[in-house]
Amino acid sequence: MATVEDALTNRPKLPIYLDYQATTPVDPRVLKLMLPYFSEKFGNPGSATHSFGREAAAACERAREQVAAVIGAEAREIVFTSGATESNNIAIKGAGYFARDGRRHIVTAATEHKCVLESCKALAAEGFRLTVLPVEANGLVDLARLAAALSDDTLLVSIMAVNNEIGVIQPLAEIGELCRRHGAYFHTDAAQAAGKIPLDVDGMAIDLMSISGHKLYGPKGVGALYVRRRPRVRLAPLMSGGGQERGLRSGTLPAALCVGLGAASEISAAEMAAEGMRLKRLRERLRCGLAAKVPGIALNGDLERRIPGNLNLAFPGVDAEVLMARLKDIAVSSGSACTSASIEPSYVLRALGLEDALARASLRIGLGRFTDSAEIDYAVEAIAAAVDQLRREAPRADRPAAAQRG
């Protein structure tokens, strides 16, 4: 019987990283621009009385312009945060707290990131009415169902741009238009979308957008929240302090991290189209290679409305946790990095209608800027060999019945 090791030849440099939805490495070009702000350019951006502070402040404002340009916003509409989780909390809770005596209805989807779902639940615990929409089997929101849920009491709709597990792209412009008709704010968690797909806050009628640095080849610990100025979105701050960032996010700006987010945003915008085409070719090479070698695999989520670098595949008859343990030289995941310690099947996959056994048999594979074809070919051979081993080891009753090509 062939082993994983027997199946692998012409190895690329190991280990191979295929978990780009969890995090991305900092692009060397970004790191080069950041480094001076850890050392000689160390000033506090809030210290306007001397050149050190003014230099740091100018760098942060330049970064604000770079972030804004990626999504078609104005620089003054960008609020720096620690990441998408904080941005999501400010957007959702901030909108609710400001409108405490006004509209009382929040709408979200069952496949949202945990920080969105938990923020919405926090408002529900304070008396807001919460609607959690199901999604279709392909992972997309049903626009008719969303339209039926909206009313004149709807304050906020929060639907993520790109799902962090299955990579599907929601119809943002259509959702934004529905929200405008009812005078509701439209917030989108764009952590997995910014720098990967075109975004236009005006064209998509987006009022609030969350961005994360470490999802687009910038540093961890920094993100941004877009807050529309016209018509103005009103939020209550969640932290008290010195009033930085328009009073919405007090605290000293981390100049080096802001510079990194800005540079990463600018690079991603410039290279988005070419990078997207390259990643789609690699993704299809991986998908077709696995389909040819592994009977019965199935794709989770819509194939066409998906970011180029994501695959979420089910391997019937195989436990994904055991499969990952066999793939010692390949970094993949079974779901969101924020809930990867959970032994429960992915709630995102369950929302698509997958049975627990199939959800537990699913892997998220994320390709990115530094993935190459040799790594893809190695991954095809390694995954196929590991799945074959595990299926041979499984009791006959647990093996997949049909050799269906996915």
Side-chain angles (χ1 to χ4, degrees), residues 1-8 11 14-22 137-139 163-168 282-303 306 309-337 339-367 375-406:
M1 179 177 67
T3 66
V4 175
E5 289 74 18
D6 295 334
L8 305 178
R11 295 189 179 196
L14 301 178
I16 293 170
Y17 186 74
L18 294 177
D19 199 17
Y20 277 82
Q21 270 77 69
N138 62 3
N163 187 270
N164 54 304
E165 291 193 29
I166 57 176
V168 297
L282 290 176
R283 183 191 75 192
E284 290 306 291
R285 183 171 181 150
L286 176 62
R287 186 178 69 87
C288 294
L290 288 173
K293 292 177 177 292
V294 183
I297 63 171
L299 178 70
N300 299 322
D302 191 273
L303 176 61
R306 175 187 298 265
N310 173 276
L311 279 177
N312 194 298
L313 297 172
F315 300 87
V318 174
D319 184 282
E321 299 295 325
V322 178
L323 176 56
M324 287 189 292
R326 294 288 177 96
L327 299 172
K328 294 182 173 61
D329 293 324
I330 301 177
V332 291
S333 67
S334 57
S336 169
T339 55
S340 59
S342 172
I343 61 173
E344 290 294 316
S346 162
Y347 70 91
V348 171
L349 297 182
R350 293 170 87 174
L352 269 59
L354 269 68
E355 296 181 356
D356 285 357
L358 203 55
R360 285 194 173 96
S362 296
L363 288 183
R364 179 182 70 177
I365 307 174
L367 286 59
E375 292 176 328
I376 293 299
D377 294 341
Y378 180 92
V380 167
E381 298 296 332
I383 294 171
V387 170
D388 181 64
Q389 281 184 33
L390 290 172
R391 285 178 173 174
R392 289 175 183 273
E393 294 168 7
R396 184 170 298 274
D398 294 338
R399 297 177 190 175
Q404 175 187 352
R405 297 296 181 181

Review point. With distance as the sole test, does Arg287 use its side chain to make a donor-acceptor pair with the main-chain N or O of Leu311 at under 3.5 Å?
Key: no
Smallest separation among heavy atoms of [X] and [Y], with atom names:
X: Leu358; Y: Pro316; answer: CD1-CG, 3.9 Å
X: Gly301; Y: Leu352; answer: N-CD2, 3.8 Å
X: Ala331; Y: Tyr17; answer: CB-CD1, 3.9 Å
X: Ile330; Y: Ala382; answer: CD1-CB, 3.6 Å
X: Ala320; Y: Ser362; answer: CB-O, 3.3 Å
X: Pro295; Y: Arg391; answer: O-NH1, 2.8 Å

Exercise for review: List the steps, then state whether side-chain hydrogen bond (donor to acceptor under 3.5 Å, both in side chains) holds for Asn310 with Gln21.
Suggested key: CA-CA 8 Å; Asn310 173 276; Gln21 270 77 69; 3.1 Å; yes
So [Y] and [X], do their side chains get closer than 4.5 Å, heavy atoms only?
X: Phe315; Y: Leu390; result: no
X: Leu303; Y: Glu284; result: yes
X: Leu14; Y: Ile16; result: yes
X: Leu349; Y: Arg364; result: no
X: Met324; Y: Glu321; result: yes
X: Val380; Y: Leu286; result: yes

Check your understanding: Given the rule in the side-chain contact (heavy atoms from CB on, under 4.5 Å) test, do Leu313 and Leu299 qualify, once you have shown the distances and angles that lead to the verdict?
Key -> CA-CA 5 Å; Leu313 297 172; Leu299 178 70; 3.9 Å; yes
Distance check, rounded to the nearest 0.5 Å: [X] atom [atom1] versus [Y] atom [atom2]?
X: Asp302; Y: Asn163; atom1: CG; atom2: CG; answer: 12.0 Å
X: Leu18; Y: Ile383; atom1: CG; atom2: CD1; answer: 7.0 Å
X: Asn312; Y: Ser346; atom1: CG; atom2: OG; answer: 7.5 Å
X: Asn138; Y: Ile166; atom1: CG; atom2: CD1; answer: 8.0 Å
X: Glu381; Y: Lys293; atom1: CD; atom2: NZ; answer: 4.0 Å

Check your understanding: CD of Glu355: more than 12 outside heavy atoms within 6.0 angstrom?
Key -> no
Exercise for review: Evaluate the criterion side-chain contact (heavy atoms from CB on, under 4.5 Å) for residue pair Arg285 and Asp377; output intermediate values, then yes/no.
Suggested key: CA-CA 8 Å; Arg285 183 171 181 150; Asp377 294 341; 2.7 Å; yes
